[in-house]
Amino acid sequence: MTPTLYPHLLDQLKAENQSFEEFIHLLEHEASVLAGDYTHTQIHDIATQKTAWHQHYAQQQTQRQKLLQQLELQDSVEALQGLADQDPLFGAQLERLLAQAARARELNQANGALIHEYLAHHQQALNALEQLQPDSSGGTYDARGRRAQGGTGQRTQTQA
């Protein structure tokens with residue numbers, strides 16, 4: 001390993017850890033917003049922040065890949081674990097990064113489940129309202145922006 005590149009790789013792992021700390025805080029904020037009375041603006045803002053975080057983290061991953069390539073190593077858990085086995089400081093940063101990534105995945109999945117549950121609830125409420133006045137469906141539009149054709153106006157659930 002080139003000794004001058006190793007500190008850069010260690011700094012890169014530290015930066016990725018910092019990014020994951022920020023992402024976990026964002027996910028925890030999202031969970032607290034979802035648990036209360038939230039607005040669509042709040043959800044949109046959080047989604048925008050999550051997208052920006054993912055773009056930033058993709059850049060960090062690219063930087064890590066370049067450093068590993070310069071060190072003639074693959075960007076894999078095995079290669080990183082090999083470095084961690086040689087250096088306890090690197091190992092601690094890697095372990096922390098993997099733990100934070102797992103925590104972020106758990107939080108994101110839990111928040112996603114809540115969002116899908118809320119969407120299903122809202123869809124059921126909309127369907128129930130439309131069934132109360134089936135002849136009002138003439139004033140509604142389908143997903144393509146065309147006037148809905150008769151019927152009860154009942155919607156089907158779709159996943160994005």
Side-chain angles (χ1 to χ4, degrees), residues 1-127 140-146 155-160:
M1 177 183 314
T2 308
T4 59
L5 291 176
Y6 175 76
H8 296 293
L9 183 60
L10 185 59
D11 288 343
Q12 183 62 40
L13 275 187
K14 289 177 183 178
E16 289 182 44
N17 271 308
Q18 178 63 37
S19 289
F20 263 104
E21 281 181 30
E22 293 166 8
F23 189 55
I24 288 170
H25 288 300
L26 178 59
L27 292 171
E28 289 169 342
H29 172 67
E30 181 182 44
S32 69
V33 167
L34 290 171
D37 293 331
Y38 61 89
T39 66
H40 295 289
T41 302
Q42 288 173 303
I43 298 300
H44 176 74
D45 290 345
I46 291 169
T48 301
Q49 291 172 25
K50 287 171 73 173
T51 299
W53 181 88
H54 281 286
Q55 291 169 346
H56 174 71
Y57 191 69
Q59 292 171 347
Q60 287 183 317
Q61 287 178 310
T62 300
Q63 182 61 32
R64 178 179 7 108
Q65 290 168 349
K66 287 178 183 177
L67 286 169
L68 287 168
Q69 190 174 32
Q70 289 172 340
L71 292 167
E72 298 179 359
L73 296 170
Q74 291 186 356
D75 187 17
S76 67
V77 173
E78 293 80 20
L80 293 173
Q81 190 59 53
L83 293 174
D85 291 343
Q86 297 172 17
D87 181 350
L89 182 59
F90 189 89
Q93 288 297 317
L94 179 61
E95 185 177 319
R96 183 171 166 235
L97 181 62
L98 295 174
Q100 288 193 102
R103 175 74 176 134
R105 183 177 46 250
E106 290 170 8
L107 286 169
N108 205 33
Q109 287 174 341
N111 290 352
L114 272 177
I115 290 169
H116 284 291
E117 185 178 318
Y118 291 149
L119 286 174
H121 173 75
H122 289 302
Q123 187 63 57
Q124 289 171 351
L126 222 107
N127 289 344
T140 60
Y141 296 86
D142 66 12
R144 294 188 183 121
R146 296 182 294 208
R155 301 170 195 257
T156 59
Q157 286 185 315
T158 59
Q159 287 187 336

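Being a predicted model, the structure only gives us computed values, none of them experimental. For the single chain, residues carry numbers from 1 onward in sequence order.
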Chi angles and distances behind the side chain to side chain donor-acceptor pair (under 3.5 Å) call for Gln49, Asp45: CA-CA 6 Å; Gln49 291 172 25; Asp45 290 345; 5.9 Å; no

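- For the pair Gln109 and Arg105, the minimum side-chain heavy-atom distance is below 4.5 Å.
- For the pair Lys50 and Leu27, the minimum side-chain heavy-atom distance is below 4.5 Å.
- With contacts defined as side-chain heavy-atom distances shorter than 4.5 Å, the pair Leu83/Leu9 qualifies.
- A distance of 11.5 Å separates CD of Glu106 from CG of Asn111, quoted to the nearest 0.5 Å.
- Counting only heavy atoms from C-beta outward, the side chains of Glu22 and Gln18 approach each other to under 4.5 Å.
- In this structure, CD on Gln12 lies 10.5 Å from CG on Asn17, to the nearest 0.5 angstrom.
- Annotation: the span from Gln93 atom CD to Glu16 atom CD amounts to 10.5 Å, rounded to 0.5 Å.
- Atom CD of residue Glu30 and atom CG of residue Leu107 lie 9.0 Å apart, to the nearest 0.5 angstrom.
- Taking the six-membered ring where the residue is Trp, Phe23 and Trp53 present parallel rings, their angle staying beneath 30° rather than reaching 60°.
- The side chain to side chain donor-acceptor pair (under 3.5 Å) with Asp75 is formed by just one residue from the set Lys66, Arg64, Gln69, Gln61; it is Arg64.
- At least one side-chain heavy atom of Phe90 sits less than 4.5 Å from a side-chain heavy atom of Leu80.
- Taking the side chain as every heavy atom from C-beta outward, Leu34 and Ile43 approach each other to under 4.5 Å.
- The CD1 atom of Ile115 sits 8.0 Å away from the OH atom of Tyr38 when rounded to the nearest 0.5 Å.
- Defined by atom type and a distance below 3.5 Å, a donor-acceptor pair is present between the side-chain atoms of Gln123 and Asn127.
- Counting heavy atoms from C-beta outward, Asp11 and Lys14 have side chains that approach closer than 4.5 Å.
- Here the OG1 atom belonging to Thr62 is positioned 11.0 Å from the CG atom belonging to Leu67, to the nearest 0.5 angstrom.
- Atom CD of Gln74 is surrounded by 12 or fewer heavy atoms from other residues, nucleotides or ligands within 6.0 Å.
- Minimum interatomic distance between Gly91 and Ala84 (heavy atoms only, all atoms of both residues): CA-CB, 3.4 Å.
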